[in-house]
Peer 1: 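Before anything else, here's the structure in question.
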Protein chains: 2
Amino acid sequence: MQFSKYGNKYTKISGISSLMQDLGSALSQESDIVFMGGGNPAHIDEVYKKFSAQIQSISTNEESYKRFFVNYQSPEGNLEFRIALSKLLSKELGYPISEKNIGLSNGSQSAFYTIFNILAGEHADGKFKSVMLPMIPEYIGYSEIGIEENFFKSQLPKIKLLKDNYFKYEVDFDNLEVDDGIGAICVSRPTNPSGNMLTKDELGRLDLLAKKKNIPLIIDCAYGLPFPGVVYDKKENYISDNTILVFSLAKLGLPGCRTGIIVADEFLIETFNNANVAMNLSTASLGPGILTNIILQDQLIPLCRGTIMPFYKVVRDEILDYINHLFKDINYRIHVPEGAFFLWIWFEDLPISSTDFYEILKRNGTLVIPGEYFFHGLKNNDYVHAKQCIRVSYAQSVNSIKKGLKIVYEQYKNLFIN
Amino acid sequence: MQFSKYGNKYTKISGISSLMQDLGSALSQESDIVFMGGGNPAHIDEVYKKFSAQIQSISTNEESYKRFFVNYQSPEGNLEFRIALSKLLSKELGYPISEKNIGLSNGSQSAFYTIFNILAGEHADGKFKSVMLPMIPEYIGYSEIGIEENFFKSQLPKIKLLKDNYFKYEVDFDNLEVDDGIGAICVSRPTNPSGNMLTKDELGRLDLLAKKKNIPLIIDCAYGLPFPGVVYDKKENYISDNTILVFSLAKLGLPGCRTGIIVADEFLIETFNNANVAMNLSTASLGPGILTNIILQDQLIPLCRGTIMPFYKVVRDEILDYINHLFKDINYRIHVPEGAFFLWIWFEDLPISSTDFYEILKRNGTLVIPGEYFFHGLKNNDYVHAKQCIRVSYAQSVNSIKKGLKIVYEQYKNLFIN
């Protein structure tokens, strides 16, 4: 068989593929490896009970079963869900959003594939436009998403050292150049992998740069506000007539439902829906099915604020204490974890690359994600900081995370003995 | 905003988009239009009970809920499901299939998007390859699926007139030319829209033509064997080391679960999985969750043969009788309905195009699909037969289908009065 250029690209295992493969092995029952790798959410009992009750209610009622399982969804996606969601978002974001501003996809990865390729790549005039990532490291899942090559332009962050072994990335506005070769600007908030919460001011500045070029600012809210709301302090929302917000039900605890949500102007949503039909015919409907009643009963935001966010916060705090105690004789820094459920740890003295370190950790029973994968669009390979970081998820049990971090510590020390 | 070439393509409503939009409106509760349009499956009580019991069993057991909802699937898709399925398919098709020959997607449309673009489009050597549809009319959903333009090459069928107002398409092998510009051959079986079941001999000949060019033969089994098995007589399977079979759980009654299944050689499956991760991160897991136990308990094939196929067959027979009685004073022919749940009706005297006829029918309370949409890759627009056919689904209640067909008949007659 001969593959097309599109096909050839995928004959090789990508970073995201190997991450997902590790995740698959680690979460299967036979494995006892400590899983601090992919973005799998935690299993939270109270959330389980609420969602499970909805699934039972849908599947035992013949009419709702028919509506959500037997009938195809229309290209726009389930209407009741979009109406309920538009009211919730209008209220939470303080901005008018109608059901026509909402598109649904099979997970947010699928939404990004479509949106990125609608906005970037080759244009009718033959010019090529990139997606600008104004502050890398950024979400690993973007990496293979462009139909065309060299899809991203990116900007390194300013690194601010903070007391008590913390540090923070800031957008390097002084060096940020948004020229005519850019089709969209995209940030995740909280940032995956760093857990950084860009401020309202930073988003406003990015949005202004975008507006000047007549391109949108895409904000990936997979972990963000208002839901799942895994954000610990800065609760400011940001939306404008120039933003595309992308949400997901995954980090609420439902990655198996594959539901992504796009909030944007009507024309973009219509274009998105047409593309989505061509590629997917329709979207999965269980996610909208589960969420509609929960939203209508005003239970979604309380669930996020009262259960989901506090669950991760308690773990974060305990794990930070543990690390700061355990790591005290080594040189490490942690990016201020303002949201999401990762610790982004920087080992400035790491004598090998983070990818090699990851391999050692894997052999010794713990999975993390090597930092290098998150630095998209770098023109050369000599940014040493990228090779000194790892991403550690704290979504599993505290005991297993501690066990995993102990392995990280021991293997780090080991590197200097041999 | 400026869109890429990819994006511009989707600013216009496509055939498949408008079909799915009609479907969405028609199936919403407020509408009383007779729905004989899209490929929505029937709601069959016995199937509902079996699937609903599985959903309840998964969602009320904390461990299985966690496995299917909270945990991401690995890129290969749920292992238990693929193992169970590989055994079932090996037995039913009489051909060794391992779990490594099986890939999972969010519905078969998504599988086709990926497979078609892996095999066709621009190649590394700059040459462009098309997907060959050796006998159009073919499935409407293929139409917008190519990333690049002019994605399909197709061949008109030979039309064989049969007694009692029937007719049948046959592959026109005499004129079928598979040259170096073809990247794959694809057929649906039973054919959507015509309900034709290509014979084993025809498939063998197509496969041989494909093999000679070192390209695969893709068989779209959405309605086919061994499941959902909506096939009335010819029960012959076809598989070879050169085929890619694509299945779906939709026509079993689960379109809302978005589960497609690809059976092919390991290298293609690996490539598919890598592409699928880039575009979708992972696939929905409820479909595999529901089906695994049903397959392990040897209940899937009996459900298809004992319940699903007979359900449609009874309706088909009653509707054929009804049409042959109702239409007796007009010039019509029906393609022999050997499988799937559509009637493909040919009005040779239709004085307007099938698209215009569709609009009239829609205004008068019934939805069908105009034939023109199914003739992909035609170089010019002057194939009159394409404008004389409509596709009518018989998946809804017999009474509503009869009501819809009465509208078709009356509006057809009306065309000659005015």
Side-chain angles (χ1 to χ4, degrees), chain A residues 1-8 10-11 13-14 16-17 20-21 23-24 27 40-41 43 48 52 55-56 59-60 65-66 68-72 74-75 106-107 109-110 113 117-118 120-124 141 144-145 147 216 253-256 258 271 274-275 277-281 284-286, chain B residues 1-8 10-11 13-14 16-17 20-21 23-24 27 40-41 43 48 52 55-56 59-60 65-66 68-72 74-75 106-107 109-110 113 117-118 120-124 141 144-145 147 216 253-256 258 271 274-275 277-281 284-286:
Chain A
M1 267 186 259
Q2 309 124 52
F3 289 174
S4 68
K5 280 162 82 175
Y6 168 94
N8 274 329
Y10 297 115
T11 54
I13 291 277
S14 66
I16 181 88
S17 272
M20 291 303 288
Q21 249 164 16
L23 184 155
L27 294 181
N40 210 91
H43 178 60
Y48 159 60
S52 163
I55 299 170
Q56 287 163 60
S59 62
T60 52
Y65 174 88
K66 195 173 160 182
F68 288 111
F69 290 108
V70 186
N71 290 352
Y72 278 98
S74 64
N106 288 320
Q109 182 82 19
S110 170
Y113 176 81
N117 285 296
I118 284 176
E122 197 188 333
H123 279 51
E144 301 296 320
I145 223 168
I147 294 172
L254 293 171
R258 308 313 299 134
T271 305
N274 289 334
V277 168
M279 291 189 291
N280 295 300
L281 198 59
S285 43
L286 185 58
Chain B
M1 268 185 258
Q2 309 124 54
F3 288 175
S4 68
K5 281 163 82 174
Y6 169 94
N8 274 330
Y10 297 115
T11 54
I13 291 276
S14 66
I16 182 87
S17 271
M20 292 303 288
Q21 247 163 19
L23 183 155
L27 294 181
N40 211 90
H43 179 60
Y48 158 61
S52 163
I55 298 170
Q56 288 162 59
S59 63
T60 52
Y65 174 88
K66 194 173 160 183
F68 288 111
F69 290 108
V70 185
N71 290 353
Y72 278 97
S74 65
N106 288 321
Q109 182 82 20
S110 170
Y113 176 81
N117 285 296
I118 284 176
E122 196 188 333
H123 278 52
E144 301 296 320
I145 224 168
I147 293 171
L254 294 171
R258 309 311 300 133
T271 306
N274 289 335
V277 167
M279 291 189 290
N280 294 300
L281 199 58
S285 44
L286 185 58

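Convention: sequence-line order gives letters A, B, ...; per-chain numbering from 1.
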Peer 1: Determine whether L281(B) and R258(A) make a side-chain contact, defined as any pair of heavy atoms from C-beta on separated by less than 4.5 Å.
Peer 2: yes

Peer 1: Between OH of Y10(A) and OG1 of T271(B), what distance do you get to the nearest 0.5 Å?
Peer 2: 11.5 Å

Peer 1: Find out whether Y48(A) and K66(B) are in side-chain contact, i.e. whether some heavy atom of one side chain is under 4.5 Å from a heavy atom of the other.
Peer 2: no

Peer 1: What is the distance from atom CD1 of I55(A) to atom CZ of F69(B), rounded to the nearest 0.5 Å?
Peer 2: 3.5 Å

Peer 1: Kindly compute the distance separating CD1 (I118(B)) from OG1 (T11(A)), expressed to the nearest 0.5 Å.
Peer 2: 9.5 Å

Peer 1: Mind checking whether Y65(B) and H43(A) have parallel, tilted or perpendicular rings, split at 30° and 60°?
Peer 2: tilted

Peer 1: What part of N280(B) gets within 4.5 angstrom of chain A, counting heavy atoms only: side chain, backbone, both, or neither?
Peer 2: both

Peer 1: Only pairs of heavy atoms separated by less than 4.5 Å count here; which of M1(A), Q2(A), Q56(A), M279(A) has the most with chain B?
Peer 2: M279(A)

Peer 1: Are side-chain heavy atoms of Q109(A) and V277(B) found at a separation under 4.5 Å?
Peer 2: no

Peer 1: Check whether any side-chain heavy atom of N117(A) lies under 4.5 Å from a side-chain heavy atom of S4(B), and answer yes or no.
Peer 2: no

Peer 1: Where does I147(A) contact chain B at under 4.5 Å (heavy atoms): side chain, backbone, both or neither?
Peer 2: side chain

Peer 1: Between P41(B), G121(B), S59(B), A120(B), which shows the greatest number of heavy-atom pairs under 4.5 Å with chain A?
Peer 2: S59(B)

Peer 1: Non-hydrogen atoms of chain B under 4.5 Å away: do they reach the side chain of A124(A), the backbone, both or neither?
Peer 2: both

Peer 1: If we define contacts as heavy-atom pairs under 4.5 Å, which of P216(B), P255(B), S285(B) has the most with chain A?
Peer 2: P255(B)

